[in-house]
Number of protein chains: 2
Amino acid sequence: MPDITVSIVEDDPEIRESLALLINGTPGFTCESTYGSAEKAIKGLVEDLPDVVLMDIQLPGMTGIEAIKVLKEKEPDLDILVLTIQSDNKVVFEALCAGACGYLVKDTPPAQLLEAIQETHNGGAPMSTRIARLVVESFQITAQTDLTARETEVLTHLCKGKSYKMIADSLFISEETVRRHIKNIYRKLEVHSKSEAVAKAFKEKLVNL
Amino acid sequence: MPDITVSIVEDDPEIRESLALLINGTPGFTCESTYGSAEKAIKGLVEDLPDVVLMDIQLPGMTGIEAIKVLKEKEPDLDILVLTIQSDNKVVFEALCAGACGYLVKDTPPAQLLEAIQETHNGGAPMSTRIARLVVESFQITAQTDLTARETEVLTHLCKGKSYKMIADSLFISEETVRRHIKNIYRKLEVHSKSEAVAKAFKEKLVNL
DNA sequence: CTGAAAATCCCCCTTTCGGGTTATAGCTTT
DNA sequence: AAAGCTATAACCCGAAAGGGGGATTTTCAG
């Protein structure tokens, strides 16, 4: 089996070199190239594609997130593993949405980093402990609203794009009652239109579609 | 440090017993209780809470997914780790939405299973390789629509719940033009109302909010 | 340069929504 | 028993949305 080839995108020369040393010093891994900025990485990576890219987020100029977007646009199959100090909610989800296939924080011990690279190459998505929990929790319902069961039911239909009339027919009640429920939903969610209600329902996972 | 206490919910007695043996045979772990069905588990678990529950999905009667929902309703802080043969998309996401904090397929080797229990207890969210990738990919944009840049921009505003007039003001164009763009969006997305368009945009991740 | 696609604007008309107000039956909670 | 909430239903009215035309300008690739 050939070595797993790795590229590193990291602005701190010290970290960059020590990562390269670690990878090249381990049988089965080769560090093919290193880049000090997102721009250089984009230019260089299209030439010779590694199996896995280790990408820092905080870079001078273009951020790692932007770099991931650009790279995945050009090379959808490229595996990019984020390796960074930052681990706040927003950055994590932006990175994953941009196309990262894993997310490691920088205090990951060498052995685990190598294991993560291996796992990425095997079709996995390695994440640091805390990150994994963040990701999984994002699926769970967060917001607690005081919508009644009936109101939630009506909201669910709204989220399918139905009109008052269609909802009335589905629930076997009059359109006027649907109107009443929706008025209450708007008051409780503090919105003033169907699209706003639907947006809020999706963002706060108020419905189970 | 006290042992990590584990409960097993699994209908196959053979698997159940061998898991219990594995856990009890490992220093640092204690299998506190085992249940052959979701119903029994719900009744028994509220009495003595373990640190981690290993939950099968395919159970006689109530499914593991339903059991997770009920248990998390009563005990939001309980860590439930799914351990099952099934790994199709739908089941994985249903389990995570229900409140599972990790997802392992049943061919997980004993050492890794124990490691996963440990990781769960440390606030992690262990997942089998393939599952983790599934989860991460769910954040990435899937659908490719032929919306123009301007249309996507208008759709984004729709997804914030804005009216035609507000969108017109935001983009410094006339309300008529907004109407025209929205007509085209409806045609391309094959929808007929704002709420339907918003729902589709969220479900298919057509916008970056 | 030319033609297609995109973006802009305007008019018609009908339906749907959103807000206000009122009312009754059923159920829970105090 | 009274108070409070929920679900049901109705009415009015103005504003917003949606569907059908048509037209002009900008932009960009061939």
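First the proteins, then the strands, lettered A, B, ... as listed; each starts at 1.
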Engineer: Could you pull out all residues at least two apart from A/Thr156 that satisfy side-chain contact (heavy atoms from CB on, under 4.5 Å)?
Structural biologist: A/Thr152, A/Lys160, A/Val207, A/Leu209
Engineer: My understanding is that only residues two or more places apart in sequence, or in another chain, count here; which of them pass side-chain contact (heavy atoms from CB on, under 4.5 Å) with B/Thr108?
Structural biologist: B/Leu104, B/Val105, B/Gln112, B/Leu113, B/Ser128
Engineer: Going by the side chain to side chain donor-acceptor pair (under 3.5 Å) test, which pairs reach into residues 8-17 of chain A, not counting sequence neighbours?
Structural biologist: A/Glu10-A/Lys106
Engineer: Among residues two or more places apart or on two chains, list those pairs meeting ring pair (Phe, Tyr, Trp, His ring centres under 6.0 Å) that have a residue in residues 168-209 of chain A.
Structural biologist: A/Phe202-B/Phe202
Engineer: Kindly calculate the angle separating the two end axes of the helix from C/dC1-D/dG30 to C/dT30-D/dA1, each obtained from five base pairs, and round it to 10 degrees.
Structural biologist: 60°
Engineer: Go through DNA chain D in 5' to 3' direction and return only the first and the last nucleotide with some atom under 4.0 Å of chain B's heavy atoms.
Structural biologist: D/dA17 to D/dG22
Engineer: Below 3.5 Å between N/O atoms, which protein atoms pair up with nucleotides 26-30 of chain C? Just atom names and distances, please.
Structural biologist:
none

Engineer: Which atoms form the tightest heavy-atom contact between A/Ala95 and A/Ile57, and what is the distance?
Structural biologist: CB-CD1, 4.4 Å
Engineer: Show which side-chain atoms of residues 42-53 of chain B pair as donor or acceptor with protein atoms under 3.5 Å away, not counting sequence neighbours.
Structural biologist:
residue	atom	partner	partner atom	Å
B/Asp51	OD2	B/Thr5	N	2.9
B/Asp51	OD2	B/Thr5	OG1	3.2

Engineer: For B/Glu66, which residues count as a side-chain contact (heavy atoms from CB on, under 4.5 Å) partner, sequence neighbours excluded?
Structural biologist: B/Met62, B/Thr63, B/Lys69
Engineer: Measure the OG-NZ distance between B/Ser170 and B/Lys165 for me, rounded to the nearest 0.5 Å.
Structural biologist: 10.0 Å
Engineer: Once each nucleotide of nucleotides 5-19 of chain C is scored for protein heavy atoms under 4.0 Å, what B/S/- sequence comes out, 5' to 3'?
Structural biologist: -SSBBBBB----SBB
Engineer: Which heavy-atom pair separates B/Gln140 from A/Gly99 by the least distance, and what is that distance?
Structural biologist: CD-CA, 3.5 Å
Engineer: So, taking the atom named CZ in A/Phe29 and the one named CD1 in A/Ile117, what distance separates them when rounded to the nearest 0.5 Å?
Structural biologist: 6.0 Å
Engineer: Quick one: salt bridge (Lys or Arg N to Asp or Glu O under 4.0 Å) partners of A/Arg150, sequence neighbours excluded?
Structural biologist: A/Glu153
Engineer: Report the residues that fulfil side-chain contact (heavy atoms from CB on, under 4.5 Å) with A/Arg133, sequence neighbours left out, ordered by chain and then residue number.
Structural biologist: A/Glu137, B/Asp79, B/Cys101, B/Thr120, B/Ala125
